[in-house]
Amino acid sequence: MRLSRYFLPVLKEDPKEAQIVSHRLMLRAGMIKQQAAGIYSWLPLGFKVLKRIEQIVHEEQQRAGHIPLLMPTLQPADLWRESGRYDDYGEEMLRIKDRHKRDLLYGPTNEEMITDIFRSHVNSYKDLPLTLYHVQWKFRDEIRPRFGVMRGREFLMKDGYNFDLTKDAALHAYNRHLVSYLRTYERMGLQAIPMRADGGPIGGDYTHEFLVLAETGESEVFYDSEITDLTFGDRQIDYDSVEQCQAVLEEFTSRYARTDETHDEAIFAQVPEERRRTARGIEVGQIFYFGTKYSEAMGATVVGPDGNRVPVEMGSHGIGVSRLLGAIIEANHDDKGIIWPEGVTPFHVGIVNLKQGDNSTDSACDAIYAELQARGLDPLYDDRDDRAGAKFATMDLIGLPWRITVGPRGLAANKVELTNRRTGATEEMSPKEAIARLEQVYAPVLGLKVQDK
RNA sequence: CGGAGCGUAGCGCAGCCUGGUAGCGCACCUGCUUCGGGAGCAGGGGGUCGGAGGUUCGAAUCCUCUCGCUCCGACCA
């Protein structure tokens, strides 16, 4: 993309309403615009990152064998009357009447609807296991939205639902989700720690939340420092293997890690003192096993091998997709702006032309731009007729991980600069070498894409 | 929902107390100069002060109501 043709309304000054860094930077970088309390338009740059994150979620879900579909944002109230949650959910549920005075609601989650879909079409245990998911906008009428997209009323969430014949099979689905979530967050450059959680209105005995450590997190967290040494890495996991998934779950959940909701001082005290940590965290996902809570209430049953009809075992699993933008920025920024991890960056590299209108720099930039695109990379070329300082400031603010700087002086010796946004390290090299370097840097990121199974 | 506060140009703000018909910085437009870390000078365009009502000769300023937003708290992917 050429910046002169893009729509990137960056702000020089801090918007007064933004109190936390991710909100401020998203507004300043022209990623979002607030339309009402907790409701945002996603401007091109923000939309691009949102889509990248959503894409990673899709890829990792499908890698784990989960099936995408799409349910509507508006749901009929009757489904929720069946489960009993129409009355239980309270004012957080946005209720709407259509022209025929029928009760509708803007879905805050989809257990009821997915259970309805399941019961309409599945009758035999032979169709299990099955995990369906979607990425769709949700609405929860928070009393007090804040922190930008971290705590919006409208938010994009991936929610998935597993259907299994037995509790053991459902717990494997639980473990499988935990594994796939670890992998998902790591691809986004985040360390998200699974922590024992509370069931909340979804219900369920087995549940973990995934927390990203950040000073601005809304939850206080307590953990054994050993847990932050764990990384998923590039290990290959067979998602159908009960043993392998179980082993990962044990590895990542055996050490003490809890939020203030479930914190137990007595158990925490057993962790060696030098490893006890207290911090703050942002919740970016949660997984639940809740058994037959919804299947019994809504008659979602299958005929088992013995000919008897039994309610299916279920769980649900969510990733706050739009919230993740905030969480990633909270964990990756400096005083100049955002620092995107390579896995989610809106553009792979920024090209800064120091002397727009100069034949040598213009043609060098054009060539670099075209070559990067030809190699499957997505560059942002700042071709505005602006001063160098302004271009650098914009690039730093929007946080592209790499920058190629092209000026007449270096170009005379066939050199450009390649700068790393995070470290600030700059190297001089030929345009050809810079392109090759970037191709190498992004090979793992681009190579991770998977096709539908 | 309880408490606090704010709505004046696209953004950030001053003016309001002590009513006299709107100002600053950034951004934007034009010109000249500048050109490796958000340039300088000169000129220019843009707002009727969230909305409604009231007081007054006169309201951004005072009063009433109302809408929206933000912050703290209880609640939450």
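Side-chain atoms are counted along with the backbone in the values below, which use heavy atoms only and exclude waters and symmetry mates. In what follows, chains carry the letters A, B, and so on, assigned in the order in which the sequence lines appear, proteins first and then strands, with residues in each chain numbered from 1.
Separating the P atom of B:rG20 from that of B:rG2 is a span of 37 Å, rounded to the nearest Å. Comparing the same atom, C1', in B:rC13 and in B:rA60 gives a spacing of 15 Å after rounding to whole Å. Comparing the same atom, P, in B:rG45 and in B:rG37 gives a spacing of 34 Å after rounding to whole Å. When the P atom is compared between B:rC69 and B:rC17, the two are found 29 Å apart, to the nearest whole Å. Of the P atoms belonging to B:rU34 and B:rG46, the separation is 32 Å, rounded to the nearest Å. Rounded to whole Å, the C1' atom of B:rG15 lies 39 Å from the corresponding atom of B:rC35. B:rA9 sits 30 Å from B:rU56 when the P atoms are compared, rounded to a whole Å. Nucleotides B:rG5 and B:rG58, compared at atom P, are 32 Å apart to the nearest Å.
Residue contacts shown for A:G152 include a base, since a base heavy atom lies under 4.0 Å away. Nucleic acid contact for A:Q356: none, since no nucleic acid atom lies under 4.0 Å from a heavy atom of the residue. Heavy atoms of A:A393 sit under 4.0 angstrom from at least one base atom.
Judged by distance alone, with hydrogens and angles left aside, A:D396 brings a side-chain donor or acceptor within reach of the base of B:rG37, the pair sitting under 3.5 Å. Applying the 3.5 Å distance criterion, the base of B:rC76 shares a donor-acceptor pair with the side chain of A:R151. Judged by distance alone with a 3.5 Å cut-off, a donor-acceptor contact links the side chain of A:T394 to the base of B:rG38.
In this structure, the ring of A:H66 has its center less than 6.0 angstrom from the ring center of A:H177. Between A:Y133 and A:H58, the distance from one ring center to the other falls under 6.0 angstrom. In summary, the aromatic rings of A:Y223 and A:Y256 are positioned with their centroids too far apart to meet the 6.0 Å limit. For an aromatic pair to be called close, the ring centres must be under 6.0 Å apart, and A:Y174 with A:Y289 fails this.
Rounded to an integer number of Å, the gap from A:D14 CG to B:rG38 C1' is 14 Å. Taking atom CZ on A:R280 and atom P on B:rC76, their separation rounds to 15 Å, with Å as the unit. A:D386 places its CG atom 12 Å from the P atom of B:rG38, with the value rounded to the nearest Å. Going from atom CZ of A:F147 over to atom P of B:rG73 covers 8 Å, rounded to whole Å. In this entry the distance linking CD1 of A:I143 with C1' of B:rG2 reads 11 Å, nearest Å. At whole-Å resolution of the value, CZ in A:R144 and C1' in B:rG68 are 16 Å apart. Taking atom NZ on A:K16 and atom P on B:rA14, their separation rounds to 9 Å, with Å as the unit. At whole-Å resolution of the value, CG in A:D88 and P in B:rC76 are 14 Å apart.
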Using nucleotides 31-34 of chain B, report all nitrogen or oxygen pairs with the protein that are shorter than 3.5 Å.
residue	atom	partner	partner atom	Å
B:rU34	O2	A:R387	NH1	2.8

Taking N or O atoms only and anything under 3.5 Å, show me the protein contacts with nucleotides 26-28 of chain B, one pair per line.
residue	atom	partner	partner atom	Å
B:rA27	OP1	A:K12	NZ	3.3

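Nucleotide B:rA4 has B:rU70 as its partner under the Watson-Crick or G-U criteria, with both atom distances under 3.5 Å. Across all strands shown, B:rA14 forms no Watson-Crick or G-U wobble pair with both key distances under 3.5 Å. Remark: B:rU55 base-pairs with no nucleotide; criterion is Watson-Crick or G-U wobble with both hydrogen-bond distances under 3.5 Å. Of the nucleotides present, B:rC29 is the one that pairs with B:rG43 by Watson-Crick or G-U wobble criteria, both distances under 3.5 Å.
Not counting sequence neighbours, A:R387 has no partner by the salt bridge (Lys or Arg N to Asp or Glu O under 4.0 Å) test. With sequence neighbours left out, A:D378 forms a salt bridge (Lys or Arg N to Asp or Glu O under 4.0 Å) with A:K48, A:R52. Applying the side-chain contact (heavy atoms from CB on, under 4.5 Å) criterion to A:R2, with sequence neighbours excluded, gives A:S4, A:R5, A:D366, A:Y369, A:Y381, A:D383. The side-chain contact (heavy atoms from CB on, under 4.5 Å) check on A:N420 picks up A:W402, A:R422, A:T423, with sequence neighbours excluded. Every residue two or more places apart in sequence or in another chain that forms a side chain to side chain donor-acceptor pair (under 3.5 Å) with A:R437 is listed here: A:E427. Considering only residues two or more places apart in sequence or on other chains, A:D87 meets the salt bridge (Lys or Arg N to Asp or Glu O under 4.0 Å) condition with none of them. For the ring-ring contact (aromatic ring centres under 6.0 Å, His included) test, residues two or more places apart in sequence or in another chain that qualify with A:F139 are A:Y106.
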Which is it for A:H263 and A:F268 under the ring-ring contact (aromatic ring centres under 6.0 Å, His included) test, yes or no, and what are the steps along the way?
CA-CA 8 Å; A:H263 178 57; A:F268 191 47; 5.2 Å; yes
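The shortest distance between the side-chain N/O atoms of A:R146 and the OP1/OP2 oxygens of B:rC72 is below 4.0 Å.
A heavy atom closer than 4.0 Å to some atom of RNA chain B occurs in no member of residues 325-353 of chain A. Looking at residues 17-37 of chain A, you'll see A:E17, A:Q19, A:R28, A:Q34, A:A36, A:A37 sit with a heavy atom under 4.0 Å from some atom of RNA chain B.
Within the 3.5 Å criterion, the main-chain N or O of A:R196 finds a donor-acceptor partner in the side chain of A:T262.
Side-chain proximity of A:E92 to the nucleotides B:rC76, B:rG36, B:rG73 is greatest for B:rC76. In this structure, the nucleotide among B:rG37, B:rC6, B:rC75 sitting nearest to the side chain of A:F392 is B:rG37. When each of B:rG36, B:rC76, B:rG37 is scored by its nearest atom to the side-chain atoms of A:R403, the top-ranked nucleotide is B:rG37.
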When the side chains of residues 143-152 of chain A are checked against the rest of the protein, which donor-acceptor pairs come out under 3.5 Å, sequence neighbours left out?
residue	atom	partner	partner atom	Å
A:R151	NE	A:E142	OE1	3.3
A:R151	NH2	A:E142	OE1	2.8

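Between A:L156 and A:L397, the residue whose closest nucleotide on RNA chain B is further toward the 5' end is A:L397.
For A:E215, the CD atom sits in a loose shell: 12 or fewer heavy atoms of surrounding residues, nucleotides or ligands are nearer than 6.0 Å.
For the pair A:R183 and A:F232, the cation-pi test (distance below 6.0 Å, angle within 45°) is failed.
Each of A:Y294, A:Y86, A:Y89 was scored for a ring-ring contact (aromatic ring centres under 6.0 Å, His included) with A:W80, with one residue passing: A:Y89.
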